[in-house]
Amino acid sequence: MPTTSTDPRAAAATLLVPGTTCHGFAVERCETVPELDSDAYVLRHTTSGARLLHLACNDENKAFAIGFKTPPADSTGVFHILEHSVLCGSAKFPVKEPFVDLIKSSMQTFLNAMTYPDKTIYPVATTNEQDLYNLMDVYLDAVFNPAIYTKPTIFEQEGWHYELDLPEGVEGEGGDSSASLREGTLRYNGVVFNEMKGALSDPMSVLDDAVNAALYPDTAYAHESGGDPRAIPALTYEQFLDTHARHYNPSNSYITLYGDLDVDRALAFLDERYLSQPSAASRRMDAAVAAGEDPSTLAPNPLGVQAPVTCEYKRVEMATTPENALVGLGLVLGSALDRKRTIAADILFEALLGSNEAPVKKAILAAGLGGNVVSYTAAESLQPYELIMLQNAQPGVARELRRVFQDACRDLCEHGVPRERLEAIISSNEYDLRQRDYGIADGVAIACDALSTWLYNDDAATLALKYGPVYEELRDDLDGSYFEDLLRELVLENDHMALVELVPVDAAEGAEGAEAAELAAKRDAMTDTELADVVERTAALRAAQEAEDTPEDKATLPRLRVSDIGEARPEPPLVVDTTAPIPCLRHGIPTNRLAYAMQYFDLSGVAFEDLPYVTLLCRLLKQLPTSEHSAEELDNLLAGKLGFLSFTTEVMTQPDVDGVRPYLLVSAGALSEKIDALASLPREVWSGTLLLDADADRVRDVLTQIRIGLEQGFINNGHSAALGRAMSYSSPSAVVREQLSGVDFYLFLRDLLEHFDERLDGLRAKLAALADRIFVADGCMASFTGSDEDFDAYWAAAGDLGLGAGDGAASGTLVVPEPRDRHEAFVIPSDICFAASACDPRRLGLDVTGAWAVAANALSYDYLWNEIRVKGGAYGCGFRAAGERQTAFYTYRDPAVDPSIERVARAGEWLGSFEPDEAAFEGFIVSCVSGMDAPVKPYALTKRRNTTYLAGLDPHAREERRAQMLAATPGELRSLGTDVTRIAAESPTCVFGGRDVIAKSNAGFNVVDLLG
């Protein structure tokens, strides 16, 4: 269905007049939000009490969100489990996985749900208006009328349940004896249970939780809203249902509508279908009152304000590696409704701690207390706080960190916070606000932002969205002592703060050992009947998971048809402008008065063993002084003049299966009015950085920070690391990526740091030589996105970018080692694992057409989802075949290795017998095509088009792939089953996971203790 032709702002202005009522909604007020080019209407449903914010604007990527205030009373993760569970079927849509059905059948550009420390949000976005109503219908019935009241297996699946693992050869249900059952190992399983095991394997998350508990001991924020695996099994099914009934009601809800949509139709839909109708929750509440329960006990959990408390020191132990030692200093900033104070604090701490040249961070690093210090403003809570975190902390330095931090801040209060730094941060923030690149659909991000104030005051629905006047005030405040006064209040006079140290301990002393002992004791205390009940309940759960939805149940789901898909979104042609001093890929894409300039420098003249040094070069540029500016001056200049400047590496897989071409990519963005800086500053950095005189401490700090970041990535995003490593077993391009940024680079970096002093001079010389070789005109390709005027102004200022011709004799020296299957399992400090099997399908002689994308959708959201996530308890899984040069299986936060490998092996067999009904199959096509057609921000679109060109891809390949998706048939997918079986069998596997999880695998991995 096409979008409405009426201007949405004009239509809303006519319909939603303050003081009137529309479809049961009282229109309370209207205000313009110039920052979002929209008009905001605040409404209240008179019958149910539901609040609604409508943002009328011309964005075709429409969004809907419903949120609930959900402050937890404990750490059982009940609201997180509810977030998962309500999307597992409802009264109107009684299928097992409507959430997954929507992913694989709608044109959604965002579809998910999020649990915050005090709220739960269910947002969707799509470019198709009928699809928006379909998504709204399923989500609203899910939250108000979920199947959880009649299907306790949902709670067991998504939350937790017992399982009894019997030794091989010992019979379970139907042939068990009490003796055989007592030989079993009792364990917990559940999607959220396993997800949180992975989440709380991250020391930074554990520290953040501990800081919150110390700052807000008497409030909801003292609890882990996602759920602590040690507390989750304390949650009962009745408590779970009671919590839903008390919180998931319209009077506790916050609804957002955003974009170019028919608001008259939307309000009528909300009123008639849901807000004026009784819900499962309301019926349970009514029954409780009728049974004599005190109505006051049925209210939602309170969200109170914490009186100021000071935690002088708190020690938290965690089973992790010594490098993960942390110290956190938490400072409460004030009230969420004081937006100026929160924004000012964010700017202030970014100026003090946001880079290695920031004055307070520089002082902490100089004190040698740890490897890195980062700062984070937690603005989405009733009482926002700042968390200053010392990473790779030395033992026993917590109080010294506080002293150094306060001394540095005291000095700035007395002598002034550098105005050039504050002004640079303000300018950088304003660039980001103009760019509006949230990484997700705009309407979803804005709905979440609105709740950062709206949740705490009904009159503050738009307070977080109208930031323009705040920035104007803060610019004016640069002339006074506002920032110094604020710094003094927050750091030197703050009576609401906490100092927490996270101390690594041996794994044997950690939560995993405690859990195993707890479960062994529970098993021993269970009667024979209770043990048999565990086996029976597990079997019942498996039966429920394996049961197919009936045709009648499937027919209840709203679906789009292929005919609902419009034509492909036209893109302006990519022009290679050879009139520019450097050949330039020119993109005529609207940018909202921003400009993006890039340079791709060819690395094929760099020896393979030198590639890790290229990554170090990328990370050290911007961190060191140039011939024109000190490091501190440069830091301020870049933040103030540019939106961003990055030096990264990219590897382009070539049409030849063994072909690989790596590049060093320089990317920068700026406001149109700062084109001169866009032309001059990147050049100054790459050509003028004083590499031969690089300060040893500064270099060591940067290298240590890279190491810490890589280690955090292995722990939190091990699936990405596993995918990259698995690809390197067969793909030369992936071998190069590993050398530039993967495990091989990490091992190189650790060795370099261990021998830093003796290798420093050689490192300086190597970096300088590489810079001279890389930053040359030969093989360089430029890219520009912006208006014609900006293009002309850029090249007039940039000239030839100061690039010499280079030494042609140095080219062609990159020789990539032959890939080989290493069959590795990397031990990381975690209670779960990540696994991947990947290959280049061209190695197997496979042509991955658009039909493969449809097959990947079916495998990921049907077979693998049910087998690995639902049954296996992993948080995520999937099959990728999005391009012609990679196919891969992966799992995310998986409790076990071998069961998932076995299920992957059977994926081709499942696909070979795939017989979906017509509507379901059309859904797979619709969702695949809509993923290709989703709106893309200018910078991301620029990079995608550049990659197509530099990787030698057919510029019409996307159109052809889209056409192949639309033409796919069930028979064509079935014919791919044999090929999928080959991919599963012949794709090398790599695992990142906890030692105990890996030890339970019989796959014969070469185990590597990655983090030492």
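One is the number of the first residue; the rest follow in order along the sequence.
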Indicate whether any N or O donor in one side chain lies under 3.5 Å from an N or O acceptor in the other, for His587 and Asn946.
-> yes
Find out whether Thr785 and Phe791 are in side-chain contact, i.e. whether some heavy atom of one side chain is under 4.5 Å from a heavy atom of the other.
-> no
Is Glu571 paired with Arg944 through a side-chain N to carboxylate O contact shorter than 4.0 Å?
-> yes
Would you check if there is a donor-acceptor pair between the side chains of Asn128 and Thr126 at a distance under 3.5 Å?
-> no
Could you pull out the closest heavy-atom pair between Val735 and Ser728, with the gap in Å?
-> CG2-O, 3.3 Å
Hey, does the side chain of Arg586 reach the backbone of Ser783 with a donor-acceptor pair shorter than 3.5 angstrom?
-> no
Are side-chain N/O atoms of Glu423 and Asn636 paired as donor and acceptor at under 3.5 Å?
-> no
Are the side chain of Gln739 and the backbone N or O of Phe608 linked by a donor-acceptor pair below 3.5 Å?
-> yes
Under 4.5 Å between any side-chain heavy atoms of Pro955 and Tyr949, yes or no?
-> no
Inspect the contact between Arg764 and Asp693 and indicate whether a charged nitrogen and a carboxylate oxygen are less than 4.0 angstrom apart.
-> no
Are any of the side-chain heavy atoms of Leu844 and Asp979 separated by less than 4.5 Å?
-> no
For Phe601 and Trp686, what are the C-alpha separation, side-chain angles and deciding distance, and is it a ring pair (Phe, Tyr, Trp, His ring centres under 6.0 Å)?
-> CA-CA 11 Å; Phe601 292 98; Trp686 78 55; 5.4 Å; yes
For the side chain of Thr615 and the backbone of Leu740, is there at least one donor-acceptor N/O pair under 3.5 Å apart?
-> yes
Under 3.5 Å side-chain donor-acceptor pair for Tyr939 and Asp437 | no
Taking all non-hydrogen atoms of both residues, which atom of Ile589 and which atom of Pro938 are closest, and how far apart?
-> CG2-CB, 4.0 Å
Between the OG1 atom in Thr813 and the CD atom in Glu609, the distance rounded to the nearest 0.5 Å is 8.5 Å
Quick one: does Trp795's side chain get under 4.5 Å of Asp577's, heavy atoms only?
-> no
Geometric cation-pi criterion, Arg619 with Phe647: 6.0 Å, 45° | no
Once you round to the nearest 0.5 Å, how far does SG of Cys780 lie from CZ of Phe775?
-> 9.5 Å
Are side-chain N/O atoms of Ser927 and Asn857 paired as donor and acceptor at under 3.5 Å?
-> yes
Just checking, is any N or O donor in the side chain of Tyr596 or Gln435 under 3.5 Å from an acceptor N or O on the other one?
-> yes
Which pair of non-hydrogen atoms, one from Leu624 and one from Leu634, has the smallest distance, and what is that distance?
-> O-CD2, 3.7 Å
Output yes when Asp260 and Lys62 qualify as a salt bridge under the 4.0 Å nitrogen-oxygen rule, no when they do not.
-> no
In Å and rounded to the nearest 0.5 Å, what is the CG to CG distance from Leu36 to Asp442?
-> 8.5 Å
So, Thr109 versus Asn61: side-chain donor-acceptor pair below 3.5 Å or not?
-> yes
Would a distance-only check, ignoring hydrogens and angles, find a side-chain to backbone donor-acceptor pair under 3.5 Å from Arg958 to Met932?
-> yes
Between Glu430 and Arg436, does at least one N-O distance fall below 4.0 Å, as a salt bridge requires?
-> no
Can you name the nearest heavy-atom pair linking Pro935 to Arg569, along with the distance?
-> CG-NH2, 3.6 Å
Non-hydrogen side-chain atoms of Leu846 and Arg982 separated by less than 4.5 Å | yes
Contacts of Ala963 that satisfy side-chain contact (heavy atoms from CB on, under 4.5 Å) - sequence neighbours left out | none
Shortest non-hydrogen contact from Trp852 toward Asp847 | NE1-O, 3.4 Å
Taking C-beta and beyond as the side chain, do Asn58 and Asp37 meet within less than 4.5 Å on heavy atoms?
-> no
Report the C-alpha distance between Leu574 and Thr948 in whole Å, list the side-chain angles of each, state the deciding distance to 0.1 Å, and finish with yes or no for side chain to side chain contact (heavy atoms under 4.5 Å, CB included).
-> CA-CA 10 Å; Leu574 177 62; Thr948 296; over 6 Å; no
Please answer whether the main-chain N or O of Val562 pairs with a side-chain N or O of Glu922 as donor and acceptor at a distance below 3.5 Å.
-> yes
Do we see a donor-acceptor contact under 3.5 Å between the side chains of Thr689 and Thr626?
-> no
Please work out whether the ring planes of Phe748 and Tyr613 are parallel, tilted or perpendicular, with thresholds of 30° and 60°.
-> perpendicular
Kindly indicate whether the side chain of Leu642, heavy atoms from C-beta on, has any atom under 4.5 Å from the side chain of Lys674.
-> no
Side-chain atoms of residues 654-666: list all donor-acceptor pairs with protein atoms under 3.5 Å, sequence neighbours left out, distances to 0.1 Å.
{"unit_1": "Gln654", "atom_1": "NE2", "unit_2": "Met652", "atom_2": "O", "d": "3.0"}
{"unit_1": "Gln654", "atom_1": "NE2", "unit_2": "Leu950", "atom_2": "O", "d": "3.3"}
{"unit_1": "Asp656", "atom_1": "OD1", "unit_2": "Asp658", "atom_2": "N", "d": "3.2"}
{"unit_1": "Asp658", "atom_1": "OD1", "unit_2": "Arg843", "atom_2": "NH1", "d": "3.2"}
{"unit_1": "Asp658", "atom_1": "OD1", "unit_2": "Arg843", "atom_2": "NH2", "d": "2.6"}
{"unit_1": "Arg661", "atom_1": "NH1", "unit_2": "Asp602", "atom_2": "OD1", "d": "3.4"}
{"unit_1": "Arg661", "atom_1": "NH1", "unit_2": "Asp602", "atom_2": "OD2", "d": "2.7"}

Given the rule in the side chain to side chain contact (heavy atoms under 4.5 Å, CB included) test, do Arg434 and Asn592 qualify, once you have shown the distances and angles that lead to the verdict?
-> CA-CA 7 Å; Arg434 184 189 294 188; Asn592 192 27; 3.3 Å; yes
Side-chain touch Arg725/Asp744, heavy atoms, less than 4.5 angstrom = yes
From CA spacing to verdict: side chain to side chain contact (heavy atoms under 4.5 Å, CB included), Thr887, Arg880 | CA-CA 5 Å; Thr887 52; Arg880 293 183 180 180; over 6 Å; no
Side chain to side chain contact (heavy atoms under 4.5 Å, CB included) assessment of Leu966 paired with Ile565 | CA-CA 10 Å; Leu966 289 167; Ile565 300 175; 4.0 Å; yes
From Arg961 CZ over to Asp954 CG, what is the distance, rounded to the nearest 0.5 angstrom?
-> 12.5 Å
Please name the pair of heavy atoms, one in Ala668 and one in Pro682, separated by the smallest distance, quoted to 0.1 Å.
-> CB-CG, 4.1 Å
Among Tyr890, Tyr861, Phe889, which one satisfies side chain to side chain contact (heavy atoms under 4.5 Å, CB included) with Phe879?
-> Phe889
Show your reasoning for whether salt bridge (Lys or Arg N to Asp or Glu O under 4.0 Å) applies to Asp676 and Lys641.
-> CA-CA 9 Å; Asp676 286 351; Lys641 297 292 186 181; over 6 Å; no
To the nearest 0.5 Å, what is the distance between SG (Cys584) and CE (Met781)?
-> 8.5 Å
Carboxylate-amine/guanidinium proximity below 4.0 Å for Asp790 and Arg593 = no
Hey, is Arg773 close enough to Asp778 for a salt bridge, meaning N to O under 4.0 Å?
-> no
Stepwise side-chain hydrogen bond (donor to acceptor under 3.5 Å, both in side chains) check, Ser837 with Ser987 | CA-CA 5 Å; Ser837 302; Ser987 296; over 6 Å; no
Would you give the length of the straight line joining atom CG of Leu611 to atom CZ of Arg737, rounded to the nearest 0.5 angstrom?
-> 12.5 Å
